[in-house]
Protein chains: 2
Amino acid sequence: MSHLTLKQLRYFTTLARHGHFGRAAEACAISQPALSMQIKELEETLGTALFERTSRKLRLTGFGEIFEERARAILRDVDALGDLARASHDRLVGRLRIGIIPTIAPYLLPRIIADLTGAFPGLDIQVRETMTPKLAQELSDGLLDTAIVALPVSDPAFVEVPILTETFVLVRHLEQAEQPVPDRDKLREMRLLLLEEGHCFRDQALSFCSIPSGRPREGLDGSSLSTLVQMVGAGIGVTFIPEMAVAVETRSARVSIARFDDPQPSRTIGMIWRRSNPLAAQLDDIAQTFLKAARGWQDISAANHATAP
Amino acid sequence: MSHLTLKQLRYFTTLARHGHFGRAAEACAISQPALSMQIKELEETLGTALFERTSRKLRLTGFGEIFEERARAILRDVDALGDLARASHDRLVGRLRIGIIPTIAPYLLPRIIADLTGAFPGLDIQVRETMTPKLAQELSDGLLDTAIVALPVSDPAFVEVPILTETFVLVRHLEQAEQPVPDRDKLREMRLLLLEEGHCFRDQALSFCSIPSGRPREGLDGSSLSTLVQMVGAGIGVTFIPEMAVAVETRSARVSIARFDDPQPSRTIGMIWRRSNPLAAQLDDIAQTFLKAARGWQDISAANHATAP
DNA sequence: AATGGGACATAAGGAAAACTTATCGAAAAA
DNA sequence: TTTTTCGATAAGTTTTCCTTATGTCCCATT
């Protein structure tokens, strides 16, 4: 026995509406025998007559009426599903699982989410915050759709799109505010407080100071920029933080900020996703959204800094 | 652009479950390229990727997950619809519109409905009570599925199945109880009260008395057997009623019942339906149900009469 | 009663869709 | 490297589906 097809349901509902094979066939844009055969096939598949073919009059059977109602419901659902798919060409739908590193999450995330929900209403955004290697792994495993990290990641499986460049500033104790900004050689002699192993920001800071990242250091490691800044405020040492963190982190500590002359230390923040992800176009859309928004983020950041006490 | 097909949805959900073209194809009992092509076709129709084909791993896209859920829902509905149809082979489903003539409705209908709901649970029974010509018309027009009338109707478009034979009894005033039962010739000289034009029972009574049914009569016509019996009780004349009506109608009137010697007046009650109705098998089932139940109906009727005062 | 026309079913052949096997290419595993 | 795995592609065949032409039945007309 053959199977029910959507074509049969479409033909059936049209015939039910018209009550006339010839006209229904015309409405279906097929010939009358083609319609007859499909209906016959449908009735045989069901094992039940749907129409009562009396001379000159075509009538739905009792079951036919029930069948029509349910067939229409199914066709509605199918069409709706097709529409949904077609709507998801340009508009991102459903769930977006986004990963972000901890050294930018607290400062950027609120704005990122605000921009995303603004640009893609109805999008279900899920955020995961952890360090780059883990994000990369989860991205590979399909647990994430995209991640916001420091570039480059240099994984050939990922697409990388730069979003913004952020400079690092030196955080010293408030009492050192008037001292000259140290150069790299001086820095190496100071007690540099850094994030624990695994944070890319740690490596970036070490790299700026030309310190090999593998070597064990006698310095104390913090688990967040906040902690580091508090430690600096306590007079334990100096540290770096990204420009965007300044406004938030230096507000409640006895620290001062110093900016380096060119070449300033900096890192590029960007978005990555699987090269194989078919939503490349939409993800690129998102990246562009961020790119445009990023100027705003930095301006606000700068403004915050300017008005900070 | 091509159209969505159920086949594609089935293949898709299988592939989504297995996450592997080869095994999914096996599960679908087709070759792997056939599955690949259908999935590709589906994705092109939708204009959206459903799977992310990374090397060695097959993963649903975000939209794919949404799509899977809805596709499964549709397939469930379709399968349920098929099952419903298959279940309606032997079991009558949905609505049964049944017509019945007024001269049996009051006595038989409660039992008919009880028997039907017993034998076909879940059946939605709708009853229409009117005279035979109107029933026949409505049956022809598809407003009724079947009718219970006096046979024969002799319409070649209808199937007729006899259910039971009911005899007519003479209803006279209580004071005439001891008088001999009149023969047909005597009857013609009495004042015979009959139902108004259109009731088949009227014609059947006239026929028994060998009176042409077309001729205008000076008798008073009643619109129901109840009325006629009450008129008899008031001493206005005599009338016939069917055996089954005796118990109900003679309870509250000053009348007596007389039965004729053979050949007793009688009529055959039967069920009719459109010959073209594809539910012939089920309707025949119902007729058989009535046929079996009819013995019970008549017994109860006789018992009622025996115990009547 | 014969005839004409409307309406659906059936028949036969051809176009389109779907499936098959065979093969390719890329990526992972050995 | 070579081998294996897995999905895509190619080519050819089967099946499905649709077309036109024709048949059959029933009603309406004469």
Side-chain angles (χ1 to χ4, degrees), chain A residues 1-12 14-45 49-61 64 140-142 155-158 274-278, chain B residues 1-12 14-45 49-61 64 140-142 155-158 274-278:
Chain A
M1 174 172 302
S2 154
H3 249 203
L4 213 60
T5 69
L6 284 182
K7 197 183 302 198
Q8 288 170 345
L9 293 189
R10 287 192 205 285
Y11 289 175
F12 164 74
T14 313
L15 178 56
R17 186 180 357 255
H18 287 82
H20 185 284
F21 276 77
R23 283 187 283 280
E26 192 179 8
C28 294
I30 56 172
S31 66
Q32 170 264 314
L35 180 64
S36 286
M37 280 171 7
Q38 287 296 327
I39 297 297
K40 184 184 168 193
E41 174 81 19
L42 174 60
E43 289 181 323
E44 279 172 7
T45 299
L50 294 168
F51 293 98
E52 184 177 334
R53 293 142 169 90
T54 170
S55 50
R56 201 148 306 262
K57 248 294 191 284
L58 189 70
R59 201 183 1 247
L60 276 174
T61 61
S140 284
D141 291 348
D155 184 324
F158 297 153
R274 292 185 300 278
R275 195 174 295 281
S276 63
N277 194 329
Chain B
M1 175 171 305
S2 155
H3 248 208
L4 214 57
T5 70
L6 284 182
K7 196 183 303 201
Q8 288 170 345
L9 293 189
R10 285 190 208 284
Y11 289 175
F12 164 75
T14 312
L15 179 56
R17 192 187 341 264
H18 287 81
H20 186 285
F21 277 77
R23 283 188 283 280
E26 191 180 8
C28 294
I30 56 170
S31 65
Q32 169 263 314
L35 180 64
S36 285
M37 281 169 10
Q38 286 297 325
I39 297 297
K40 184 183 168 194
E41 173 81 19
L42 174 60
E43 288 180 324
E44 277 172 9
T45 300
L50 295 168
F51 293 97
E52 183 178 335
R53 295 142 168 88
T54 170
S55 49
R56 197 138 314 251
K57 248 299 192 280
L58 190 70
R59 204 184 356 252
L60 276 173
T61 62
S140 284
D141 291 348
D155 184 324
F158 297 153
R274 293 185 300 278
R275 194 173 295 281
S276 63
N277 193 328

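So that the names make sense, note that chain A is the first sequence line, chain B the second, and so on, each numbered from 1.
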[X] [atom1] to [N] [atom2], straight-line distance once rounded to whole Å:
X       : N      : atom1 : atom2 : result
A/Ile30 : D/dT16 : CD1   : P     : 17 Å
A/Glu26 : D/dC18 : CD    : C1'   : 16 Å
A/Glu44 : D/dT16 : CD    : C1'   : 15 Å
A/Glu41 : D/dT15 : CD    : C1'   : 12 Å
B/Gln8  : C/dA17 : CD    : P     : 12 Å

Contacts of [X] that satisfy side chain to side chain donor-acceptor pair (under 3.5 Å) - sequence neighbours left out:
X       : answer
A/Ser36 : A/Gln32
A/Glu41 : A/Ser2
A/Arg59 : none

Answer whether the closest heavy-atom distance between the side chains of B/Leu50 and B/Leu15 falls below 4.5 Å.
-> no
Got a list of side-chain donor-acceptor pairs under 3.5 Å for residues 19-26 of chain B, not counting sequence neighbours?
from, atom 1, to, atom 2, distance (Å)
B/His20, ND1, B/Gly22, N, 3.1
B/His20, ND1, B/Arg23, N, 3.0

Using a heavy-atom cut-off of under 4.0 Å over every strand shown, decide if B/Tyr11 touches base, sugar-phosphate, or nothing.
-> sugar-phosphate
Below 4.0 Å: OP1/OP2 of [N] and any side-chain N or O of [X]:
X       : N      : result
B/Lys7  : C/dA17 : no
B/Gln38 : C/dA17 : no
A/His20 : C/dC8  : yes
A/Ser31 : D/dC18 : no

Which parts of nucleotides 9-16 of chain C does protein reach within less than 4.0 Å, heavy atoms only, written one letter per nucleotide 5' to 3' as B for base, S for sugar-phosphate only and - for none?
-> BBB-----
Using the C1' atoms of the five pairs at each end, what is the angle between the end axes of the helix from C/dA1-D/dT30 to C/dA30-D/dT1, to 10°?
->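 That helix has its two terminal axes inclined by roughly 20°.
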